[in-house]
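First up is the structure itself, then whatever we jot down about it.
Along the sequence shown, residues are numbered consecutively beginning with 1. From a predicted model like this one, the values you see are computed outputs, not experimental measurements.
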Amino acid sequence: MCIRARVPAATALPQAFAQAAALFALERTGTLSVCRSAADIRAAMDAGRIAAILHMEGAEAIPSLDALHLWHGLGMRSLGFVWSRPTDYATGVPFAFPSSPDRGDGLTAAGKALVRECNALKILIDLSHLNEKGCDDVAALSDAPLVATHSGVHAISASSRNLTDRQLRQIADSGGVVGLNYNTGFLRPDGRRERFAGFDLLLRHLDHLLEILGEGGVALGSDFDGAVMPADLGDAAALPGLVAAMEAHGYGRALTERIAWRNWVDVLERTWGG
């Protein structure tokens with residue numbers, strides 16, 4: 001599937017505002033805490049509350065750098081410049097298999113300015129969905145750790161959405177993190193979006209990520225919203241099964257905890273400060 005149509009800001013903004021409003025409504029009920037720092041995350045965890053981060057996937061609702069500052073003021077601390085389509089800032093990879101992530105041009109001039117402003121505001125830049133040339137541009141410009149919140153290993157599943165070993169080494173060199181995507185089409189070697197039982201394929205991707213990124217560079221990334229999940233990992237309630245499989249696979253409790261959550265808190269602390 002190849003999605004190329006741009007979404008204008010006039011269409012994106014009402015949707016983005018509605019979703020942000022829903023998030024803050026949940027905070028008012030006491031369901032969760034919207035976190036703006038690593039200290040906020042730790043405080044939420046200590047209080048037994050869900051630690052939520054206001055993230056935007058696709059910057060269509062950010063028509064200017066002034067708008068970026070407005071969203072930052074609202075609490076946004078994580079931004080993906082694209083979904084799998086182009087924006088004024090960058091080009092997203094289509095959902096293609098087999099395919100290289102080298103699809104399309106790099107960041108636009110506006111995209112390069114957006115990298116610099118995100119760095120100044122300490123907003124995490126999410127590389128997931130960004131094409132290879134765009135990732136290279138972010139790596140050349142950004143002074144923060146490189147992060148792909150929900151991606152997989154291209155050497156195992158040759159989807160355009162997955163990261164090549166070269167890209168993984170680039171992220172490792174920055175002290176960054178890759179969160180594993182659970183979408184079956186990005187896990188299976190045949191690229192088919194079909195459910196499978198067990199956790200062996202996820203562990204295979206995690207092993208590969210650990211080999212290149214090290215124990216501090218690997219995390220869980222999910223993608224529960226709208227993707228085809230493995231049979232034994234249909235939603236967040238099934239995560240204890242994955243955690244148990246990781247421990248049984250030989251990771252042990254300490255490494256499993258790092259992958260499950262500690263590496264996220266660490267990279268957010270290094271990106272956001274505090």
Side-chain angles (χ1 to χ4, degrees), residues 1-7 57-60 79-108 111-112 115 125-140 142 146-174 176-196 200-213 217-230 233:
M1 178 170 60
C2 182
I3 300 173
R4 305 302 295 171
R6 291 175 182 252
V7 174
E57 182 175 275
E60 289 92 343
L79 173 65
F81 290 9
V82 291
W83 185 62
S84 287
R85 59 183 167 230
T87 67
D88 291 341
Y89 302 107
T91 299
V93 289
F95 298 121
F97 184 96
S99 173
S100 163
D102 186 14
R103 306 280 295 254
D105 297 330
L107 299 183
T108 65
K112 293 176 181 179
V115 171
I125 298 171
D126 183 8
L127 300 179
S128 293
H129 287 280
L130 188 59
N131 68 353
E132 188 169 15
K133 288 185 176 67
C135 289
D136 287 345
D137 285 342
V138 174
S142 181
L146 299 175
V147 174
T149 63
H150 57 302
S151 294
V153 175
H154 193 272
I156 297 174
S157 179
S159 168
S160 58
R161 269 283 283 111
N162 283 340
L163 299 168
T164 66
D165 284 0
R166 184 191 71 82
Q167 290 177 291
L168 294 176
R169 286 190 290 270
Q170 192 175 56
I171 293 170
D173 289 344
S174 78
V177 167
V178 174
L180 178 63
N181 195 317
Y182 309 155
N183 187 333
T184 60
F186 306 152
L187 292 171
R188 294 174 60 115
D190 60 11
R192 297 173 69 175
R193 300 177 189 179
E194 296 179 2
R195 289 156 67 86
F196 56 81
D200 287 351
L201 265 181
L202 288 94
L203 293 168
R204 184 178 171 190
H205 279 258
L206 288 172
D207 284 344
H208 193 101
L209 292 172
L210 285 165
E211 183 178 348
I212 295 178
L213 291 146
V218 183
L220 301 182
S222 73
D223 209 4
F224 288 120
D225 184 16
V228 178
M229 294 289 105
L233 194 57

### Task
Identify the two heavy atoms, one from Ala227 and one from Asn183, that lie closest to each other, and give their separation to 0.1 Å.
CB-ND2, 3.5 Å
## Note on the structure
Output for pair (Thr184 OG1, Leu233 CG), nearest 0.5 Å, gives 11.0 Å
#### Entry: Set of residues satisfying side chain to side chain donor-acceptor pair (under 3.5 Å) with respect to Asp173, sequence neighbours excluded
none
### Query
For Gly152, does its backbone N or O pair with a side-chain atom of Asn162 as donor and acceptor, under 3.5 Å?
yes
### Query
With sequence neighbours left out, what residues match Glu194 under salt bridge (charged side-chain N to carboxylate O under 4.0 Å, His left out)?
Arg192
### Query
Would a 4.5 Å heavy-atom cut-off, applied to side chains only, mark Leu201 and Pro230 as touching?
no
### Task
Apply salt bridge (charged side-chain N to carboxylate O under 4.0 Å, His left out) to Asp190 and list each qualifying residue two or more places apart in sequence or on a separate chain.
Arg188
### Task
List in chain and number order the residues that pass side-chain contact (heavy atoms from CB on, under 4.5 Å) with Arg166, two or more places apart in sequence or in another chain; answer none if no residue qualifies.
Glu132, Asp136, Thr164, Arg169, Gln170
### Message
Which residues pass the salt bridge (charged side-chain N to carboxylate O under 4.0 Å, His left out) test with Asp102, not counting sequence neighbours?
### Response
Lys133
### Message
Would you say CG of Asp165 has more than 12 non-hydrogen atoms from neighbouring residues, nucleotides or ligands within 6.0 angstrom?
### Response
yes
### Message
How long is the straight-line distance from CG of Asp223 back to CG of Asp225, given to the nearest 0.5 Å?
### Response
7.5 Å
### Query
Atom CG of Asn181 and atom CG of Leu187: how far apart are they, to the nearest 0.5 Å?
7.0 Å
### Query
So how far is it from Glu60 CD to Arg6 CZ, rounded to the nearest 0.5 Å?
9.0 Å
### Query
Parallel under 30°, tilted from 30 to 60°, perpendicular over 60°: which one fits the rings of Trp83 and Phe95?
perpendicular
### Euclidean distance, Leu202 CG relative to Tyr182 OH, rounded to 0.5 Å
7.5 Å
### Query
side-chain contact (heavy atoms from CB on, under 4.5 Å) with Ser160: which residues, sequence neighbours excluded?
Val93, Ala96, Ser99
#### Entry: Short side-chain to backbone donor-acceptor contact, Thr87 and Val82, under 3.5 Å
no
### Query
Would you call Val138 and Leu107 a side-chain contact if the rule is heavy atoms closer than 4.5 Å?
yes
#### Entry: Any Val147 side-chain heavy atom under 4.5 Å of Ser174 side chain
no
## Note on the structure
Scanning both residues in full, the closest heavy-atom pair of His208 with Leu168 reads CD2-CD1, 4.1 Å
